[in-house]
Amino acid sequence: MAVKVRDSAAEALAGLLFDGMTIMSGGFGLCGISENLIAAIRLAGTRDLTVISNNCGVDDFGLGLLLAQGQIRKMISSYVGENKLFEQLYLSGQLELEFNPQGTLAERIRAGGAGIPAFFTKTGVGTLVAEGKELREFDGETYVMERGLTADLSIIKAWKGDTEGNLVFRKTARNFNPMMATAGKVTVAEVEALVSVGDLDPDQIHTPGIYVDRIIQGALYEKRIERETTRPHVTEHA
Amino acid sequence: MAWTRDDMAARAARELQDGYYVNLGIGIPTLVANFIPEGISVTLQSENGMLGMGPFPFEGEADPDLINAGKQTITELPQSSYFSSADSFAMIRGGHIDLSILGGMQVSQDGDLANWMVPGKMVKGMGGAMDLVAGVRRVVVVMDHCEKSGAPKLLKRCSLPLTGARVVNLLITDLGVFELDRRGGVTVTQLAPGVTFEEVAAKTEAEISRPGS
(Lines give C-alpha, C1' and ligand atoms only; values in the text may rest on other atoms or scores of the structure.)
Protein backbone atom coordinates (compact mmCIF):
# COMPACT_ATOMS: atom_id res chain seq x y z
CA MET A 1 0.00 0.00 0.00
CA ALA A 2 1.24 3.47 -0.89
CA VAL A 3 2.58 5.37 2.07
CA LYS A 4 1.22 8.94 2.24
CA VAL A 5 3.22 10.26 5.17
CA ARG A 6 6.32 12.35 4.39
CA ASP A 7 8.89 13.69 6.83
CA SER A 8 9.02 17.31 5.73
CA ALA A 9 7.28 19.89 3.56
CA ALA A 10 10.13 19.76 1.03
CA GLU A 11 9.85 15.97 0.80
CA ALA A 12 6.08 16.17 0.47
CA LEU A 13 6.49 18.46 -2.56
CA ALA A 14 9.40 16.52 -4.13
CA GLY A 15 8.80 15.95 -7.86
CA LEU A 16 5.54 17.89 -7.86
CA LEU A 17 6.70 21.46 -8.54
CA PHE A 18 7.36 22.93 -12.01
CA ASP A 19 7.46 26.43 -13.48
CA GLY A 20 4.13 27.59 -14.93
CA MET A 21 2.03 25.24 -12.80
CA THR A 22 -1.33 25.98 -11.18
CA ILE A 23 -1.57 25.67 -7.39
CA MET A 24 -4.68 25.83 -5.20
CA SER A 25 -3.95 27.08 -1.71
CA GLY A 26 -6.49 26.76 1.10
CA GLY A 27 -7.28 29.40 3.70
CA PHE A 28 -9.28 32.56 4.30
CA GLY A 29 -7.00 35.49 4.97
CA LEU A 30 -4.28 33.95 7.16
CA CYS A 31 -6.74 31.50 8.77
CA GLY A 32 -6.21 27.87 7.73
CA ILE A 33 -3.25 28.44 5.39
CA SER A 34 -0.53 25.88 4.63
CA GLU A 35 2.29 27.74 6.35
CA ASN A 36 4.88 24.97 5.96
CA LEU A 37 4.10 24.07 2.35
CA ILE A 38 4.09 27.74 1.27
CA ALA A 39 7.51 28.16 2.90
CA ALA A 40 8.78 25.09 1.01
CA ILE A 41 7.50 26.44 -2.34
CA ARG A 42 9.28 29.69 -1.56
CA LEU A 43 12.54 27.84 -0.95
CA ALA A 44 12.06 25.74 -4.11
CA GLY A 45 11.79 28.99 -6.11
CA THR A 46 9.16 27.65 -8.54
CA ARG A 47 8.08 30.47 -10.86
CA ASP A 48 5.28 31.63 -13.18
CA LEU A 49 2.73 30.21 -10.80
CA THR A 50 -1.00 30.57 -11.24
CA VAL A 51 -2.35 30.53 -7.69
CA ILE A 52 -6.02 29.90 -6.90
CA SER A 53 -6.72 31.16 -3.39
CA ASN A 54 -9.41 33.34 -1.86
CA ASN A 55 -6.78 35.89 -0.76
CA CYS A 56 -3.06 36.44 -1.25
CA GLY A 57 -1.85 36.65 2.33
CA VAL A 58 -0.34 39.86 3.69
CA ASP A 59 2.88 41.56 2.62
CA ASP A 60 5.19 39.43 4.77
CA PHE A 61 3.22 36.25 5.47
CA GLY A 62 1.28 33.50 3.70
CA LEU A 63 1.13 33.73 -0.10
CA GLY A 64 2.51 37.28 0.21
CA LEU A 65 5.91 35.56 0.61
CA LEU A 66 5.66 34.04 -2.88
CA LEU A 67 4.43 37.35 -4.27
CA ALA A 68 7.40 39.21 -2.77
CA GLN A 69 9.80 36.78 -4.51
CA GLY A 70 8.11 37.29 -7.87
CA GLN A 71 7.03 33.62 -8.07
CA ILE A 72 3.37 34.31 -8.88
CA ARG A 73 2.31 35.27 -12.42
CA LYS A 74 -1.46 35.13 -11.92
CA MET A 75 -3.91 35.04 -9.02
CA ILE A 76 -7.50 33.80 -9.06
CA SER A 77 -9.04 35.30 -5.91
CA SER A 78 -12.09 37.06 -4.52
CA TYR A 79 -10.41 39.66 -2.30
CA VAL A 80 -6.85 40.95 -2.13
CA GLY A 81 -7.36 44.15 -0.12
CA GLU A 82 -4.89 43.24 2.64
CA ASN A 83 -1.84 43.33 0.45
CA LYS A 84 -0.21 46.58 -0.70
CA LEU A 85 2.45 44.85 -2.79
CA PHE A 86 -0.32 43.01 -4.63
CA GLU A 87 -2.00 46.28 -5.58
CA GLN A 88 1.29 47.78 -6.81
CA LEU A 89 2.21 44.73 -8.91
CA TYR A 90 -1.27 44.55 -10.40
CA LEU A 91 -1.65 48.24 -11.22
CA SER A 92 1.82 48.25 -12.86
CA GLY A 93 0.93 45.22 -15.00
CA GLN A 94 3.40 42.76 -13.40
CA LEU A 95 0.70 40.48 -12.04
CA GLU A 96 -2.40 39.03 -13.70
CA LEU A 97 -5.53 38.90 -11.65
CA GLU A 98 -8.85 37.15 -12.14
CA PHE A 99 -11.45 38.20 -9.60
CA ASN A 100 -14.15 35.65 -8.84
CA PRO A 101 -17.06 36.23 -6.49
CA GLN A 102 -16.25 34.26 -3.35
CA GLY A 103 -19.17 31.86 -3.68
CA THR A 104 -18.52 31.35 -7.38
CA LEU A 105 -14.86 30.59 -6.61
CA ALA A 106 -15.85 28.06 -3.94
CA GLU A 107 -18.38 26.39 -6.25
CA ARG A 108 -15.99 26.34 -9.24
CA ILE A 109 -13.50 24.42 -7.08
CA ARG A 110 -16.20 22.12 -5.67
CA ALA A 111 -17.44 21.45 -9.22
CA GLY A 112 -13.92 20.86 -10.53
CA GLY A 113 -13.26 18.28 -7.85
CA ALA A 114 -16.63 16.60 -8.45
CA GLY A 115 -16.20 16.19 -12.22
CA ILE A 116 -18.69 18.93 -13.12
CA PRO A 117 -17.24 21.03 -15.99
CA ALA A 118 -19.63 23.98 -15.65
CA PHE A 119 -22.68 25.28 -13.79
CA PHE A 120 -25.07 28.23 -13.84
CA THR A 121 -25.38 30.86 -11.11
CA LYS A 122 -27.21 34.17 -10.60
CA THR A 123 -24.11 35.66 -8.98
CA GLY A 124 -22.52 38.33 -11.17
CA VAL A 125 -25.28 38.62 -13.80
CA GLY A 126 -25.31 42.22 -15.05
CA THR A 127 -21.74 42.86 -13.83
CA LEU A 128 -18.18 42.69 -15.26
CA VAL A 129 -17.96 39.12 -13.97
CA ALA A 130 -20.50 37.91 -16.55
CA GLU A 131 -18.86 39.59 -19.55
CA GLY A 132 -18.02 37.14 -22.32
CA LYS A 133 -19.74 34.25 -20.54
CA GLU A 134 -22.79 32.29 -21.66
CA LEU A 135 -26.10 33.49 -20.16
CA ARG A 136 -29.17 31.31 -19.95
CA GLU A 137 -32.68 31.70 -18.60
CA PHE A 138 -34.15 29.17 -16.21
CA ASP A 139 -37.68 29.69 -14.84
CA GLY A 140 -37.66 33.37 -15.87
CA GLU A 141 -34.33 34.25 -14.21
CA THR A 142 -31.01 34.91 -15.97
CA TYR A 143 -27.97 32.87 -14.96
CA VAL A 144 -24.33 32.96 -16.03
CA MET A 145 -22.26 29.88 -16.82
CA GLU A 146 -19.13 29.36 -14.73
CA ARG A 147 -16.51 26.65 -15.33
CA GLY A 148 -15.24 24.11 -12.83
CA LEU A 149 -11.65 24.61 -11.65
CA THR A 150 -8.85 22.11 -11.08
CA ALA A 151 -5.14 22.54 -10.34
CA ASP A 152 -1.84 20.70 -10.80
CA LEU A 153 -1.41 20.77 -7.02
CA SER A 154 -3.56 21.62 -4.00
CA ILE A 155 -1.95 22.54 -0.68
CA ILE A 156 -4.24 22.03 2.29
CA LYS A 157 -4.05 22.80 5.99
CA ALA A 158 -6.06 20.75 8.51
CA TRP A 159 -6.09 20.51 12.29
CA LYS A 160 -5.71 16.76 12.58
CA GLY A 161 -5.03 14.10 10.02
CA ASP A 162 -4.27 10.39 10.10
CA THR A 163 -1.72 8.42 8.13
CA GLU A 164 -4.41 7.53 5.54
CA GLY A 165 -4.98 11.23 4.83
CA ASN A 166 -8.35 11.54 6.59
CA LEU A 167 -8.65 15.16 7.73
CA VAL A 168 -10.45 17.13 10.44
CA PHE A 169 -10.55 20.92 10.29
CA ARG A 170 -11.00 23.29 13.21
CA LYS A 171 -13.54 26.16 13.40
CA THR A 172 -13.32 28.72 10.57
CA ALA A 173 -9.93 27.38 9.45
CA ARG A 174 -11.93 24.93 7.29
CA ASN A 175 -13.05 27.50 4.62
CA PHE A 176 -11.72 26.56 1.13
CA ASN A 177 -9.58 23.61 2.26
CA PRO A 178 -12.11 20.74 1.79
CA MET A 179 -13.05 21.67 -1.79
CA MET A 180 -9.44 22.32 -2.79
CA ALA A 181 -8.46 18.89 -1.48
CA THR A 182 -10.81 17.39 -4.10
CA ALA A 183 -9.70 19.57 -7.03
CA GLY A 184 -5.93 19.04 -7.14
CA LYS A 185 -4.43 16.47 -9.54
CA VAL A 186 -2.17 15.94 -6.53
CA THR A 187 -3.16 17.06 -3.04
CA VAL A 188 -0.67 17.57 -0.23
CA ALA A 189 -1.99 18.21 3.29
CA GLU A 190 -0.20 19.55 6.34
CA VAL A 191 -1.67 19.08 9.81
CA GLU A 192 -0.99 20.31 13.31
CA ALA A 193 -1.40 16.80 14.68
CA LEU A 194 -0.65 13.67 12.63
CA VAL A 195 -2.33 10.70 14.32
CA SER A 196 -2.57 6.96 13.75
CA VAL A 197 -5.34 5.26 11.87
CA GLY A 198 -8.20 4.70 14.30
CA ASP A 199 -7.55 7.80 16.36
CA LEU A 200 -10.11 9.86 14.41
CA ASP A 201 -13.83 9.10 14.69
CA PRO A 202 -14.91 8.04 11.15
CA ASP A 203 -18.19 9.91 11.65
CA GLN A 204 -16.35 13.18 12.30
CA ILE A 205 -13.99 13.19 9.31
CA HIS A 206 -14.45 16.25 7.08
CA THR A 207 -12.20 15.22 4.17
CA PRO A 208 -11.86 11.48 3.42
CA GLY A 209 -8.32 10.29 2.72
CA ILE A 210 -9.03 9.43 -0.91
CA TYR A 211 -8.46 13.11 -1.74
CA VAL A 212 -5.10 13.36 0.02
CA ASP A 213 -1.99 11.98 -1.72
CA ARG A 214 0.67 13.08 0.74
CA ILE A 215 0.51 14.32 4.32
CA ILE A 216 2.95 15.87 6.76
CA GLN A 217 2.97 17.01 10.32
CA GLY A 218 3.71 20.74 9.99
CA ALA A 219 7.07 21.55 11.60
CA LEU A 220 6.10 25.00 12.85
CA TYR A 221 2.90 26.99 13.12
CA GLU A 222 2.92 30.71 13.70
CA LYS A 223 -0.88 30.97 13.10
CA ARG A 224 -0.65 34.71 12.80
CA ILE A 225 -3.82 36.72 13.47
CA GLU A 226 -4.62 39.35 10.87
CA ARG A 227 -6.96 41.55 12.93
CA GLU A 228 -6.93 40.70 16.61
CA THR A 229 -10.16 42.24 17.89
CA THR A 230 -11.06 41.86 21.55
CA ARG A 231 -13.29 43.34 24.24
CA PRO A 232 -12.04 44.31 27.69
CA HIS A 233 -12.74 41.98 30.60
CA VAL A 234 -15.84 43.17 32.43
CA THR A 235 -14.88 45.12 35.54
CA GLU A 236 -17.21 46.05 38.34
CA HIS A 237 -17.82 49.77 38.64
CA ALA A 238 -18.50 51.26 42.04
CA MET B 1 -28.85 66.62 12.52
CA ALA B 2 -27.73 63.86 10.23
CA TRP B 3 -27.43 60.38 11.70
CA THR B 4 -24.10 59.11 13.07
CA ARG B 5 -22.63 55.71 12.16
CA ASP B 6 -24.18 54.26 15.31
CA ASP B 7 -27.56 55.85 14.49
CA MET B 8 -27.44 54.27 11.03
CA ALA B 9 -26.54 50.88 12.48
CA ALA B 10 -29.36 51.17 15.04
CA ARG B 11 -31.84 52.03 12.27
CA ALA B 12 -30.62 49.07 10.20
CA ALA B 13 -31.10 46.82 13.25
CA ARG B 14 -34.81 47.63 13.13
CA GLU B 15 -34.98 45.62 9.88
CA LEU B 16 -34.19 42.46 11.87
CA GLN B 17 -37.01 40.07 12.70
CA ASP B 18 -37.11 37.32 15.27
CA GLY B 19 -35.65 34.09 13.92
CA TYR B 20 -33.81 35.70 11.02
CA TYR B 21 -30.55 34.35 9.64
CA VAL B 22 -28.53 37.47 8.82
CA ASN B 23 -25.24 38.29 7.12
CA LEU B 24 -23.58 41.57 8.15
CA GLY B 25 -20.93 43.18 5.93
CA ILE B 26 -17.79 45.04 6.95
CA GLY B 27 -17.92 48.59 8.42
CA ILE B 28 -21.17 50.12 9.67
CA PRO B 29 -23.07 46.84 9.02
CA THR B 30 -20.82 45.10 11.59
CA LEU B 31 -22.06 47.62 14.19
CA VAL B 32 -25.65 46.44 13.66
CA ALA B 33 -24.88 43.52 15.99
CA ASN B 34 -24.60 46.05 18.86
CA PHE B 35 -28.20 47.22 18.36
CA ILE B 36 -30.25 44.05 18.05
CA PRO B 37 -33.63 45.00 19.60
CA GLU B 38 -34.73 43.46 22.87
CA GLY B 39 -36.81 40.30 22.47
CA ILE B 40 -35.46 39.58 18.99
CA SER B 41 -33.16 36.66 18.40
CA VAL B 42 -31.18 36.44 15.16
CA THR B 43 -28.43 34.11 13.97
CA LEU B 44 -25.45 35.84 12.36
CA GLN B 45 -23.80 34.10 9.43
CA SER B 46 -20.18 34.71 8.55
CA GLU B 47 -19.52 33.75 4.92
CA ASN B 48 -16.10 32.27 5.68
CA GLY B 49 -17.98 29.33 7.22
CA MET B 50 -19.87 29.93 10.45
CA LEU B 51 -23.43 30.29 11.71
CA GLY B 52 -24.05 31.71 15.16
CA MET B 53 -21.28 34.28 15.47
CA GLY B 54 -20.56 35.37 19.02
CA PRO B 55 -19.02 38.63 20.29
CA PHE B 56 -15.34 39.57 20.10
CA PRO B 57 -13.20 37.51 22.51
CA PHE B 58 -11.92 38.87 25.79
CA GLU B 59 -8.36 40.19 25.73
CA GLY B 60 -5.90 37.31 25.67
CA GLU B 61 -8.50 34.77 24.48
CA ALA B 62 -8.38 35.31 20.69
CA ASP B 63 -8.25 32.07 18.66
CA PRO B 64 -6.44 32.30 15.28
CA ASP B 65 -8.78 29.57 13.93
CA LEU B 66 -11.89 31.61 14.68
CA ILE B 67 -12.40 34.76 12.60
CA ASN B 68 -15.24 36.53 10.82
CA ALA B 69 -15.33 37.53 7.15
CA GLY B 70 -13.62 40.81 8.06
CA LYS B 71 -10.75 38.69 9.49
CA GLN B 72 -11.48 39.91 13.03
CA THR B 73 -11.23 37.39 15.87
CA ILE B 74 -14.66 36.33 17.21
CA THR B 75 -16.16 33.69 19.51
CA GLU B 76 -18.65 30.86 19.18
CA LEU B 77 -22.02 30.38 20.87
CA PRO B 78 -23.66 27.14 22.09
CA GLN B 79 -25.72 27.03 18.85
CA SER B 80 -22.80 27.75 16.49
CA SER B 81 -21.87 25.58 13.54
CA TYR B 82 -18.92 25.55 11.13
CA PHE B 83 -18.84 24.57 7.47
CA SER B 84 -16.83 24.98 4.26
CA SER B 85 -16.95 28.00 1.94
CA ALA B 86 -18.92 25.92 -0.61
CA ASP B 87 -21.58 25.09 2.01
CA SER B 88 -21.59 28.71 3.17
CA PHE B 89 -22.36 30.04 -0.28
CA ALA B 90 -24.87 27.28 -0.98
CA MET B 91 -26.70 28.78 2.01
CA ILE B 92 -26.38 32.28 0.55
CA ARG B 93 -27.01 31.51 -3.10
CA GLY B 94 -29.80 29.07 -2.25
CA GLY B 95 -31.89 31.80 -0.61
CA HIS B 96 -31.60 30.44 2.96
CA ILE B 97 -30.32 33.71 4.45
CA ASP B 98 -33.13 36.16 5.25
CA LEU B 99 -31.28 39.46 5.26
CA SER B 100 -27.98 40.89 4.08
CA ILE B 101 -26.82 44.29 5.36
CA LEU B 102 -23.82 45.69 3.49
CA GLY B 103 -21.97 48.89 2.72
CA GLY B 104 -22.06 50.72 -0.61
CA MET B 105 -20.19 53.20 -2.77
CA GLN B 106 -23.11 53.96 -5.11
CA VAL B 107 -26.77 52.90 -5.38
CA SER B 108 -28.96 53.60 -8.42
CA GLN B 109 -32.69 54.28 -8.47
CA ASP B 110 -33.17 50.85 -10.12
CA GLY B 111 -31.58 49.20 -7.10
CA ASP B 112 -28.16 48.60 -8.66
CA LEU B 113 -25.31 48.47 -6.16
CA ALA B 114 -21.62 49.32 -6.70
CA ASN B 115 -19.29 48.59 -3.80
CA TRP B 116 -16.26 46.60 -4.94
CA MET B 117 -13.92 48.53 -7.18
CA VAL B 118 -12.81 51.91 -8.49
CA PRO B 119 -11.16 51.28 -11.89
CA GLY B 120 -7.46 52.18 -11.90
CA LYS B 121 -7.49 53.04 -8.20
CA MET B 122 -8.89 50.54 -5.75
CA VAL B 123 -8.24 46.88 -6.41
CA LYS B 124 -9.57 44.90 -3.49
CA GLY B 125 -12.14 42.55 -4.98
CA MET B 126 -15.78 41.73 -4.40
CA GLY B 127 -15.29 39.03 -1.77
CA GLY B 128 -18.74 37.56 -1.11
CA ALA B 129 -20.74 40.69 -1.92
CA MET B 130 -21.88 39.62 -5.40
CA ASP B 131 -23.13 36.27 -4.07
CA LEU B 132 -24.91 37.93 -1.15
CA VAL B 133 -26.83 40.47 -3.24
CA ALA B 134 -27.75 37.81 -5.81
CA GLY B 135 -28.90 35.19 -3.33
CA VAL B 136 -30.17 36.74 -0.11
CA ARG B 137 -33.91 37.45 0.09
CA ARG B 138 -33.72 41.06 1.34
CA VAL B 139 -30.76 43.40 0.77
CA VAL B 140 -30.22 46.50 2.91
CA VAL B 141 -27.40 48.94 2.06
CA VAL B 142 -26.00 51.35 4.65
CA MET B 143 -23.79 54.18 3.39
CA ASP B 144 -23.13 57.93 3.68
CA HIS B 145 -25.54 59.91 1.52
CA CYS B 146 -22.77 61.84 -0.26
CA GLU B 147 -19.07 61.42 -0.96
CA LYS B 148 -16.60 63.53 1.01
CA SER B 149 -16.52 65.88 -1.99
CA GLY B 150 -20.30 66.34 -1.60
CA ALA B 151 -21.09 64.38 -4.78
CA PRO B 152 -24.29 62.32 -4.51
CA LYS B 153 -24.10 58.52 -4.17
CA LEU B 154 -27.80 57.77 -4.76
CA LEU B 155 -27.78 58.10 -8.54
CA LYS B 156 -29.85 57.60 -11.66
CA ARG B 157 -27.19 55.13 -12.83
CA CYS B 158 -24.06 53.91 -11.07
CA SER B 159 -20.82 55.06 -12.72
CA LEU B 160 -18.72 52.43 -10.92
CA PRO B 161 -18.68 48.71 -11.86
CA LEU B 162 -21.73 46.96 -10.39
CA THR B 163 -21.84 44.41 -7.60
CA GLY B 164 -25.38 43.49 -8.62
CA ALA B 165 -28.17 44.81 -10.85
CA ARG B 166 -31.61 45.53 -9.30
CA VAL B 167 -30.73 43.99 -5.97
CA VAL B 168 -31.16 46.69 -3.27
CA ASN B 169 -34.45 46.69 -1.31
CA LEU B 170 -33.68 49.37 1.27
CA LEU B 171 -31.05 52.10 1.59
CA ILE B 172 -30.15 53.73 4.90
CA THR B 173 -27.95 56.86 4.79
CA ASP B 174 -27.01 59.53 7.32
CA LEU B 175 -29.94 61.57 5.94
CA GLY B 176 -32.77 59.03 5.87
CA VAL B 177 -34.29 55.74 4.77
CA PHE B 178 -35.17 54.91 1.15
CA GLU B 179 -37.37 52.06 -0.09
CA LEU B 180 -36.44 50.90 -3.61
CA ASP B 181 -38.96 49.03 -5.77
CA ARG B 182 -36.10 48.04 -8.15
CA ARG B 183 -38.03 49.48 -11.13
CA GLY B 184 -36.82 53.06 -10.74
CA GLY B 185 -39.03 54.04 -7.79
CA VAL B 186 -37.28 55.45 -4.70
CA THR B 187 -39.51 56.45 -1.77
CA VAL B 188 -38.21 58.35 1.23
CA THR B 189 -39.80 56.56 4.20
CA GLN B 190 -37.93 58.31 7.02
CA LEU B 191 -35.75 61.41 7.47
CA ALA B 192 -33.01 61.90 10.07
CA PRO B 193 -33.99 64.47 12.72
CA GLY B 194 -33.89 68.03 11.34
CA VAL B 195 -33.32 66.86 7.76
CA THR B 196 -35.88 68.03 5.19
CA PHE B 197 -37.08 66.28 2.04
CA GLU B 198 -35.82 69.28 0.05
CA GLU B 199 -32.31 68.92 1.52
CA VAL B 200 -32.28 65.23 0.61
CA ALA B 201 -33.58 65.92 -2.89
CA ALA B 202 -30.82 68.51 -3.41
CA LYS B 203 -28.18 65.97 -2.38
CA THR B 204 -29.58 63.14 -4.52
CA GLU B 205 -29.28 62.57 -8.26
CA ALA B 206 -31.91 59.79 -8.36
CA GLU B 207 -35.61 60.61 -8.64
CA ILE B 208 -37.04 60.36 -5.13
CA SER B 209 -40.60 60.72 -3.90
CA ARG B 210 -42.49 61.14 -0.64
CA PRO B 211 -44.55 58.20 0.60
CA GLY B 212 -47.97 57.97 -1.09
CA SER B 213 -47.07 60.44 -3.84
Side-chain angles (χ1 to χ4, degrees), chain A residues 26 28-32 54-55 77-83 86-87 90-91 97 99-107 109-111 113 121-129 159 169-179 206-207 221-234, chain B residues 26 46-50 53 55-76 80 82-93 112 114 116-117 119-135 161-167:
Chain A
F28 184 94
L30 301 180
C31 182
N54 189 55
N55 315 92
S77 300
S78 88
Y79 188 83
V80 294
E82 320 299 344
N83 201 313
F86 194 107
E87 200 159 25
Y90 174 69
L91 290 175
L97 172 60
F99 271 134
N100 282 199
Q102 196 173 132
T104 295
L105 181 62
E107 190 64 14
I109 298 164
R110 196 196 71 82
T121 175
K122 267 193 293 190
T123 303
V125 171
T127 77
L128 290 176
V129 161
W159 180 38
F169 302 96
R170 184 171 179 272
K171 302 186 190 284
T172 55
R174 190 182 318 186
N175 56 63
F176 282 83
N177 282 300
M179 295 86 74
H206 298 131
T207 289
Y221 284 102
E222 181 179 342
K223 294 181 78 169
R224 194 187 293 188
I225 295 177
E226 209 161 324
R227 295 223 169 100
E228 181 151 356
T229 311
T230 56
R231 57 191 158 132
H233 284 278
V234 182
Chain B
I26 295 163
S46 192
E47 67 265 26
N48 54 319
M50 180 185 199
M53 235 198 304
F56 297 130
F58 289 120
E59 282 166 15
E61 293 176 11
D63 181 341
D65 288 337
L66 184 44
I67 63 169
N68 65 17
K71 284 128 190 162
Q72 295 171 307
T73 46
I74 49 165
T75 56
E76 65 185 17
S80 297
Y82 300 109
F83 33 83
S84 72
S85 301
D87 286 333
S88 179
F89 282 93
M91 237 171 250
I92 289 166
R93 204 186 302 103
D112 297 351
W116 73 280
M117 83 176 281
K121 277 192 192 150
M122 190 196 84
V123 191
K124 289 182 186 300
M126 68 290 278
M130 284 193 179
D131 310 276
L132 284 160
V133 299
L162 296 187
T163 306
R166 296 174 192 266
V167 293

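Numbered from 1 within each chain, the chains take letters A, B, ... in sequence-line order.
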Engineer: Can you check whether B:F89 reaches A:Q102 side chain to side chain, under 4.5 Å on heavy atoms?
Structural biologist: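 Yes, close enough: below the 4.5 Å cut-off.
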Engineer: Sort out for me which residue in A:K223, A:K171, A:R174 forms a side chain to side chain donor-acceptor pair (under 3.5 Å) with B:D65.
Structural biologist: A:K223
Engineer: With a 4.5 angstrom heavy-atom cut-off, is it the side chain or the backbone of A:Y90 that approaches chain B, or both, or neither?
Structural biologist: side chain
Engineer: Can you tell me which portion of A:L30 sits under 4.5 Å from chain B's heavy atoms? Options are side chain, backbone, both or neither.
Structural biologist: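 For A:L30, neither part sits under 4.5 Å from chain B.
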Engineer: So which heavy atom on A:T172 is nearest to which on B:L66, and how close?
Structural biologist: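 Closest pair (atom of A:T172, atom of B:L66, distance): OG1-CA, 3.3 Å.
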Engineer: Taking A:H233 for its side chain and B:F58 for its backbone only, find out whether a donor-acceptor pair lies under 3.5 Å.
Structural biologist: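 No: the side chain of A:H233 does not pair with the backbone of B:F58.
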Engineer: Taking side chain as everything from C-beta outward and backbone as N, CA, C, O, which of these in A:R227 sits under 4.5 Å from a heavy atom of chain B? Side chain, backbone, both or neither.
Structural biologist: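 Contact with chain B involves both backbone and side-chain atoms of A:R227.
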Engineer: So which part of B:A69 gets closer than 4.5 Å to some heavy atom of chain A, the side chain, the backbone, both or neither?
Structural biologist: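 Interface part for B:A69: both.
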Engineer: Which bit of A:E228 comes within less than 4.5 Å of chain B, counting heavy atoms only: side chain, backbone, both or neither?
Structural biologist: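 Interface part for A:E228: both.
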Engineer: For B:T163, does its backbone N or O pair with a side-chain atom of A:T127 as donor and acceptor, under 3.5 Å?
Structural biologist: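 Such a contact is absent between A:T127 side chain and B:T163 backbone.
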Engineer: Would you call A:H206 and B:Y82 a side-chain contact if the rule is heavy atoms closer than 4.5 Å?
Structural biologist: no
Engineer: Against A:L128, only a single residue in B:M117, B:M130, B:M126 fulfils side chain to side chain contact (heavy atoms under 4.5 Å, CB included); can you say which?
Structural biologist: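 By the side chain to side chain contact (heavy atoms under 4.5 Å, CB included) criterion, A:L128 pairs with just one of B:M117, B:M130, B:M126: B:M117.
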Engineer: Tell me, for B:I92 versus chain A, whether the close heavy atoms (under 4.5 Å) come from the side chain, the backbone, both or neither.
Structural biologist: neither
Engineer: With only heavy atoms counted, which part of A:N55 is less than 4.5 Å from chain B, the side chain, the backbone, both or neither?
Structural biologist: side chain
Engineer: Report the C-alpha distance between A:T121 and B:R93 in whole Å, list the side-chain angles of each, state the deciding distance to 0.1 Å, and finish with yes or no for side chain to side chain contact (heavy atoms under 4.5 Å, CB included).
Structural biologist: CA-CA 8 Å; A:T121 175; B:R93 204 186 302 103; 3.3 Å; yes
Engineer: With chain B, which of A:P101, A:G81, A:G126, A:A106 has the greatest number of heavy-atom pairs at distances under 4.5 Å?
Structural biologist: A:P101
Engineer: Which atom pair, heavy atoms only, marks the closest approach of B:K121 to A:L91?
Structural biologist: O-CD1, 4.0 Å
Engineer: Working to the nearest 0.5 Å, report the span between CD1 of A:I225 and CD of B:Q72.
Structural biologist: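 Reported to 0.5 Å precision, the distance equals 12.0 Å.
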Engineer: Pick whichever of B:G127, B:G49, B:S88 has the most heavy-atom pairs under 4.5 Å with chain A.
Structural biologist: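 Result: the option with the highest number of such pairs is B:G127.
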Engineer: Can you check whether B:P64 reaches A:R224 side chain to side chain, under 4.5 Å on heavy atoms?
Structural biologist: no
Engineer: Can you say whether B:N68 sits under 4.5 Å from chain A via the side chain, the backbone, both, or neither, judging by heavy atoms?
Structural biologist: backbone
Engineer: Under a 4.5 Å heavy-atom cutoff, which of A:C31, A:S78, A:S77 has the most pairs with chain B?
Structural biologist: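 The option with the most such pairs is A:S78.
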Engineer: May I ask you to name which of A:V129, A:V125, A:V80, A:L97 has the most heavy-atom pairs under 4.5 Å with chain B?
Structural biologist: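 Option with the greatest count: A:V80.
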Engineer: Heavy-atom distances under 4.5 Å only: say whether A:R110 touches chain B with side chain, backbone, both or neither.
Structural biologist: side chain
Engineer: How long is the straight-line distance from CG of B:N48 back to CG of A:N54, given to the nearest 0.5 Å?
Structural biologist: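 Rounded to the nearest 0.5 Å, the CG-CG separation comes to 9.0 Å.
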Engineer: Parallel, tilted or perpendicular, judged at 30° and 60°: which one describes the rings of A:F99 and B:W116?
Structural biologist: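 Rings of A:F99 and B:W116: perpendicular, as their planes differ by over 60°.
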Engineer: Tell me, side chain or backbone of A:P178 under 4.5 Å from chain B's heavy atoms, or both, or neither?
Structural biologist: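 For A:P178, the side chain is the part near chain B, not the backbone.
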Engineer: Determine yes or no for a side-chain-to-main-chain donor-acceptor pair under 3.5 angstrom, with A:T123 supplying the side chain and B:A134 the backbone.
Structural biologist: no
Engineer: For A:G103 versus B:D131, what's the shortest heavy-atom pair and its separation?
Structural biologist: N-OD2, 2.9 Å
Engineer: Where on B:E47 is there a heavy atom nearer than 4.5 Å to chain A: the side chain, the backbone, both, or neither?
Structural biologist: both
Engineer: Heavy atoms only, distances under 4.5 angstrom: which of B:S46, B:P55, B:P161, B:G135 has the most pairs with chain A? Name it, please.
Structural biologist: B:P55
Engineer: When heavy-atom pairs shorter than 4.5 Å are enumerated against chain A, which of B:E61, B:K71, B:M50 gives the highest number?
Structural biologist: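 Ranked by contacts with chain A, first place is B:K71.
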